[in-house]
Amino acid sequence: MNEPTVLFKSTHHECLLFDDLVTGEGIQANQFLLIHKGEAALIDPGGDLTYNALSIAASRYCETNQIKFLFASHQDPDIISSLDRWLMRCDAKVVISRLWSRFLPHLASEFATKSLSGGVYDRIISVPDEGMKIPFSDTFVQCLPGHFMHSVGNLHFYDPISKILFTGDVGASIGAGPCSDPVEDFEDHIQYMVGFHRRYMACNKVCKLWANMVRRLDVEMIVPQHGRYFMGKEKVLNFLDWISELKCGTDLLTQDNYSVD
């Protein structure tokens with residue numbers, strides 16, 4: 001197991017990226033650990049293919065009882081299908097869009113459900129469409145709307161101390177090289193993003209509205225769940241400008257896509 005990538009570290013705050021934990025046939029995915037003054041949170045912790053490795057890796061940096069939150073950008077298996085195992089392992093709350101909170105109990109086995117006092121739904125924080133701030137020790141993690149940026153109920157997570165925006169599938173790339181490295185040549189990197197974004201983002205209108213929102217934040221790094229990350233304001237702006245102009249999803253559909261022939 002490789003050492004995690006340290007995205008940010010100060011006296012009381014640390015952000016770690018794990019990018020080599022997927023085993024078997026699953027697509028590569030990044031997982032993230034935030035630690036602040038004795039409290040910890042996992043962002044997009046993944047499924048069974050990452051659970052054992054992530055729980056071992058995270059235990060090197062924090063105690064299990066320090067994990068207070070599991071942040072899930074959306075409902076996909078590579079995001080949160082390890083839910084029941086984490087619920088049994090620690091007392092963390094699960095933070096997810098309210099659109100998906102009612103479906104999460106389907107990810108919990110009968111054994112896990114019976115072992116919990118109160119049930120799965122009592123452990124869920126349902127985030128309204130407009131987002132909200134989740135208190136995290138003496139700071140917070142800001143849940144921002146990323147709806148239709150892949151999922152109809154989609155959230156992104158902003159850490160105001162590190163100024164990192166965790167964006168789930170937005171910014172994802174495939175085959176661009178080590179995920180532990182930042183993007184260096186943005187124009188060259190587009191080839192590893194464009195196919196995915198054309199298919200998985202809803203439309204240009206949504207991309208533009210999302211980018212306008214992010215420009216209002218002080219973002220030093222955009223870190224997706226797949227592939228390399230964008231470090232520094234120049235690369236962040238490169239990405240926001242690019243996705244603002246991207247034609248994708250329903251923009252590209254014609255009647256030929258809905259044909260019986």
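Here the closest non-hydrogen pair linking Ser173 and Arg228 is OG-N, 3.4 Å. Annotation for Pro224 and Gly171: closest pair CG-O, 3.5 Å, computed over non-hydrogen atoms. Tyr192 approaches Gly175 most closely through the heavy-atom pair CE2-O, 3.2 Å. Of all heavy-atom pairs between Thr50 and Pro45, the closest is OG1-O, 3.0 Å. Looking at every heavy atom in both residues, Val127 comes nearest to Cys143 through CG1-CB, 4.1 Å. When all heavy atoms of Cys248 and Met201 are compared, the closest pair comes out as SG-CB, 3.7 Å.
Contact annotation: the side chain of His147 approaches that of Asp129 to within less than 4.5 Å [non-hydrogen atoms, C-beta and beyond]. When side chains are defined from C-beta on, Ile134 does not count as touching Lys93, because their heavy atoms never get closer than 4.5 Å. Ile222 places none of its side-chain heavy atoms less than 4.5 Å from the side chain of Val170. Under the 4.5 Å side-chain criterion, counting only non-hydrogen atoms from C-beta, Asp169 is in contact with Phe196. Counting heavy atoms from C-beta outward, Phe166 and Leu7 have side chains that approach closer than 4.5 Å. Counting heavy atoms from C-beta outward, Leu165 and Leu144 have side chains that approach closer than 4.5 Å. Counting heavy atoms from C-beta on, the side chains of Pro145 and Glu130 never come closer than 4.5 Å. Counting heavy atoms from C-beta on, the side chains of Phe186 and Met193 come closer than 4.5 Å.
Put simply, the side chain of Thr139 never gets that close to the backbone of Phe136: no donor and acceptor are under 3.5 Å apart. Checked by atom type and distance alone, the side chain of Glu220 never pairs as donor or acceptor with a backbone atom of Asp218 at under 3.5 Å. In this structure a side-chain-to-backbone donor-acceptor pair under 3.5 Å is present from Asn204 to Ser244. The closest donor-acceptor contact from the side chain of Ser73 to the backbone of Asn154 lies at 3.5 Å or more, if one exists at all. For Gln255 (side chain) and Tyr258 (main-chain N/O), a donor-acceptor pair under 3.5 Å exists by modelled atom type. No donor-acceptor distance shorter than 3.5 angstrom exists from the side chain of Glu39 to the backbone of His36, with no hydrogens or angles considered.
At a threshold of 4.5 Å between side-chain heavy atoms, the hydrophobic network of Ile, Leu, Val, Met, Phe, Trp and Tyr places Tyr51 and Leu21 in one connected group. Follow the hydrophobic side-chain contacts under 4.5 Å out from Ile243 and you reach Val214 in the same cluster. Residues Ile43 and Leu217 are members of separate hydrophobic clusters, defined by side-chain heavy-atom contacts under 4.5 angstrom among Ile, Leu, Val, Met, Phe, Trp and Tyr. Val183 and Phe8 end up in different hydrophobic clusters when Ile, Leu, Val, Met, Phe, Trp and Tyr side chains are linked at under 4.5 Å. One hydrophobic cluster holds both Phe69 and Leu17 under the rule that ILVMFWY side chains link at heavy-atom gaps under 4.5 Å.
Of the options Arg215, Lys235, Lys208, a salt bridge (Lys or Arg N to Asp or Glu O under 4.0 Å) to Asp241 is made by Arg215 and by none of the others. Put simply, the residue from Asp78, Asp44, Thr167 that forms a side-chain hydrogen bond (donor to acceptor under 3.5 Å, both in side chains) with Gln225 is Asp78. Checking Thr64, Ile80, Leu54 one by one against Trp86, the side-chain contact (heavy atoms from CB on, under 4.5 Å) holds for a single residue, Leu54. In summary, of the residues considered (His74, His150, His226), a ring pair (Phe, Tyr, Trp, His ring centres under 6.0 Å) with Tyr200 occurs for His150 alone. Only one option out of Phe32, Phe157, Phe230 pairs with Val223 in a side-chain contact (heavy atoms from CB on, under 4.5 Å); it is Phe32.
The structure places OG of Ser126 at 9.5 Å from CE of Met132, a figure rounded to the nearest 0.5 Å. Residue Glu14 holds its CD atom at 7.5 Å from OH of Tyr61, rounded to the nearest 0.5 Å. If you take CG on Asn30 and OG1 on Thr5, they are separated by 8.5 Å, rounding to the nearest 0.5 Å. Atom CG of residue Leu16 and atom CG of residue Leu34 lie 8.5 Å apart, to the nearest 0.5 angstrom. Here the CG-CD distance, from Leu83 to Gln75, works out to 13.0 Å after rounding to the nearest 0.5 Å. With rounding to the nearest 0.5 angstrom, the CG atom of Leu104 is 11.0 Å from the OG atom of Ser81.
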Residue pair Asp159, His13: steps toward the side-chain hydrogen bond (donor to acceptor under 3.5 Å, both in side chains) verdict: CA-CA 10 Å; Asp159 172 21; His13 197 80; 2.6 Å; yes
Test log, rule side-chain contact (heavy atoms from CB on, under 4.5 Å), inputs Val94 and Leu87: CA-CA 9 Å; Val94 185; Leu87 290 179; 3.9 Å; yes
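In Lys233, the NZ atom is crowded: over 12 heavy atoms of neighbouring residues, nucleotides or ligands sit closer than 6.0 Å. Other residues, nucleotides and ligands place more than 12 heavy atoms under 6.0 Å from the CD atom of Gln191.
Taking the centre of each ring, His197 and Trp242 come in below the 6.0 Å mark.
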